[in-house]
Chemist: 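I'd like to ask some things about the structure below.
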Protein chains: 2
Amino acid sequence: MTKVKEQSTRNQNKGISELACPITYVMNKIGGNWKCTILYYLMSGPKRYSELKKLIPAITEKMLAQHLKQLKEDNLVAKKEEQEKPPITIYSLTPAADELRPILLAMAEGGIKDNKKQFQHLMGEAVS
Amino acid sequence: MTKVKEQSTRNQNKGISELACPITYVMNKIGGNWKCTILYYLMSGPKRYSELKKLIPAITEKMLAQHLKQLKEDNLVAKKEEQEKPPITIYSLTPAADELRPILLAMAEGGIKDNKKQFQHLMGEAVS
DNA sequence: CAGAATCCTATACGATACTG
DNA sequence: CAGTATCGTATAGGATTCTG
């Protein structure tokens with residue numbers, strides 16, 4: 001038994017907030033601290049696990065793997081494995097994520113516009 | 001002193017993730033569990049504190065106040081107080097938030113499209 | 001009415017070590 | 001290479017009470 005934990009108000013509320021607002025619904029899908037970053041880099045093309053790791057040095061293995069898994073569950077990224085001896089795994093955006101693309105780009109532009117200097121290092125990099 | 005807490009890797013990383021990705025930068029501004037919902041309802045026009053509370057019954061006073069404060073600090077909402085005896089406070093979107101409007105609407109559409117049934121109760125409601 | 005203050009807990013995240 | 005497992009902690013968020 002060990003205390004069923006009763007689903008914690010917190011989690012219930014997360015569900016409620018999604019129902020109250022479609023934006024929040026989307027936000028919760030891309031809402032990890034790194035999920036957007038992952039999507040951002042995948043927008044410039046499919047990438048391997050290790051490539052993502054290199055592109056986002058600050059992320060830990062755990063978060064990368066976990067977020068990729070969640071993104072896959074939410075059908076935003078597709079995973080393709082070559083069962084070679086050193087395994088190779090390619091992650092790419094799904095059509096569903098492609099629909100998010102304009103939104104994400106709009107947000108990126110908003111962010112860059114809002115703080116140009118901060119993001120000069122990114123200009124024209126990850127995004128085609 | 002009581003343990004300076006040393007800024008916790010976690011918080012550092014939040015900063016780093018913002019630098020790594022302009023989307024994340026924006027996300028962090030609208031990323032509370034209720035912030036978007038607040039913005040969403042404010043999009044249909046200025047609202048009083050108590051109106052917001054009524055519109056979002058599940059939110060606690062604490063979160064509402066806290067998020068409003070943060071949104072104000074990030075210049076996304078404006079606060080106007082009438083120093084009457086029963087105080088009246090009106091919150092509204094700032095021009096900065098108006099620039100987010102298309103993005104938020106696009107996300108809302110995305111969410112609704114993604115899960116039409118779930119959001120039928122909202123159709124044509126909060127958003128003009 | 002509009003909020004600030006206090007207290008508490010679930011959970012998201014980080015660090016590290018291990019595996020097919 | 002591409003992960004999974006385990007453990008520890010900071011923090012977001014909830015409940016409740018108090019105030020100008």
Chemist: Nearest whole Å is fine: how far is C/dC18 C1' from A/Lys62 NZ?
Modeler: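 Nearest whole value for this atom pair: 15 Å.
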Chemist: Between A/Gln66 and A/Pro87, which residue's closest nucleotide on DNA chain C lies nearer the 5′ terminus?
Modeler: A/Gln66
Chemist: Base, sugar-phosphate alone, or nothing: which one does B/Lys53 contact when heavy atoms must sit under 4.0 Å apart?
Modeler: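 Counting heavy atoms under 4.0 Å across all strands, no contact is made by B/Lys53.
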Chemist: Once you apply a heavy-atom cut-off of 4.0 Å, does A/Leu64 come out as touching a base, just sugar-phosphate, or nothing?
Modeler: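 A/Leu64: no heavy atom of the nucleic acid under 4.0 Å.
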Chemist: Quickly work out the B/Lys80 NZ to C/dA2 P distance and round it to whole Å.
Modeler: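 Rounding to the nearest Å, NZ of B/Lys80 and P of C/dA2 are 14 Å apart.
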Chemist: Within less than 4.0 Å of OP1 or OP2 of D/dA12, is there a side-chain N or O belonging to B/His67?
Modeler: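 Checking D/dA12 against B/His67, no side-chain N or O comes under 4.0 Å of OP1 or OP2.
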Chemist: So, is B/Thr9 close to the D/dA10 phosphate, meaning a side-chain N or O under 4.0 Å from OP1 or OP2?
Modeler: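 Answer no for this pair, as no side-chain N or O of B/Thr9 is under 4.0 Å from OP1 or OP2.
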Chemist: Tell me the interatomic distance from B/Glu82, atom CD, to C/dA2, atom P, rounded to whole angstroms.
Modeler: 11 Å
Chemist: Indicate, yes or no, whether a donor-acceptor pair under 3.5 Å links the base of C/dA12 to the side chain of B/Arg10.
Modeler: yes
Chemist: Determine whether A/Thr37 and B/Ile23 make a side-chain contact, defined as any pair of heavy atoms from C-beta on separated by less than 4.5 Å.
Modeler: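 They are not in contact (no side-chain heavy atoms under 4.5 Å apart), so the answer is no.
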Chemist: A/Gln70 CD to C/dT11 P: how many Å, rounded?
Modeler: 13 Å
Chemist: What's A/Ile88 touching, base or sugar-phosphate or nothing? Going by heavy atoms closer than 4.0 Å.
Modeler: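 Here A/Ile88 touches the backbone only, sparing every base.
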Chemist: How many whole angstroms separate atom CD1 of A/Ile59 from atom P of D/dG3?
Modeler: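 Answer to the nearest Å: 13 Å.
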Chemist: Quick check on DNA chain D: between A/Ser50 and A/Lys14, whose nearest nucleotide comes earlier from the 5' end?
Modeler: A/Ser50
Chemist: Taking NZ from A/Lys47 and C1' from D/dC1, how many angstroms apart are they, rounded to a whole number?
Modeler: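 After rounding, the gap between these two atoms is 18 Å.
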Chemist: Is there a side-chain contact between A/Ile30 and A/Leu76, using heavy atoms and a 4.5 Å cut-off?
Modeler: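 A/Ile30 vs A/Leu76: side chains touch.
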Chemist: With sugar-phosphate meaning primed atoms plus P, OP1 and OP2, does A/Lys35 contact a base, only sugar-phosphate, or nothing at under 4.0 Å between heavy atoms?
Modeler: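 It contacts nothing in the nucleic acid.
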Chemist: Would you say B/Lys79 and B/Glu81 make side-chain contact, with heavy atoms under 4.5 Å?
Modeler: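 Yes, at least one pair of side-chain atoms sits under 4.5 Å.
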Chemist: Does a side-chain N or O of A/Ser8 approach OP1 or OP2 of C/dT9 to a distance below 4.0 Å, or not?
Modeler: no
Chemist: Closest approach to the side chain of A/Thr60, judged atom by atom: which nucleotide of C/dA2, D/dT4, C/dA15 is it?
Modeler: C/dA15
Chemist: Of A/Thr89 and A/Asn13, whose nearest nucleotide on DNA chain D comes first from the 5' end?
Modeler: A/Thr89
Chemist: For A/Tyr91 and D/dA2, what is the distance between atoms OH and P respectively, to the nearest whole Å?
Modeler: 8 Å
Chemist: Between B/Asn11 (CG) and D/dA10 (P), how many Å, whole number?
Modeler: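 These atoms are roughly 11 Å apart.
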Chemist: Counting side-chain heavy atoms from CB outward, which of C/dA2, C/dG14, D/dC1 is closest to A/Arg48?
Modeler: D/dC1
Chemist: Salt bridge or not between B/Glu82 and B/Lys80? Use side-chain N to carboxylate O under 4.0 Å.
Modeler: yes
Chemist: Give the nucleotide from the list D/dC1, C/dA2, D/dT11 with an atom nearest to the side chain of A/Pro86.
Modeler: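 The listed nucleotide nearest to A/Pro86's side chain is D/dC1.
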Chemist: Taking the side chain as every heavy atom from C-beta outward, state whether B/Leu52 and B/Leu64 have any pair of such atoms under 4.5 Å apart.
Modeler: yes
Chemist: Should the pair A/Tyr91 and A/Tyr49 be assigned to parallel (<30°), tilted (30 to 60°) or perpendicular (>60°) ring geometry?
Modeler: tilted
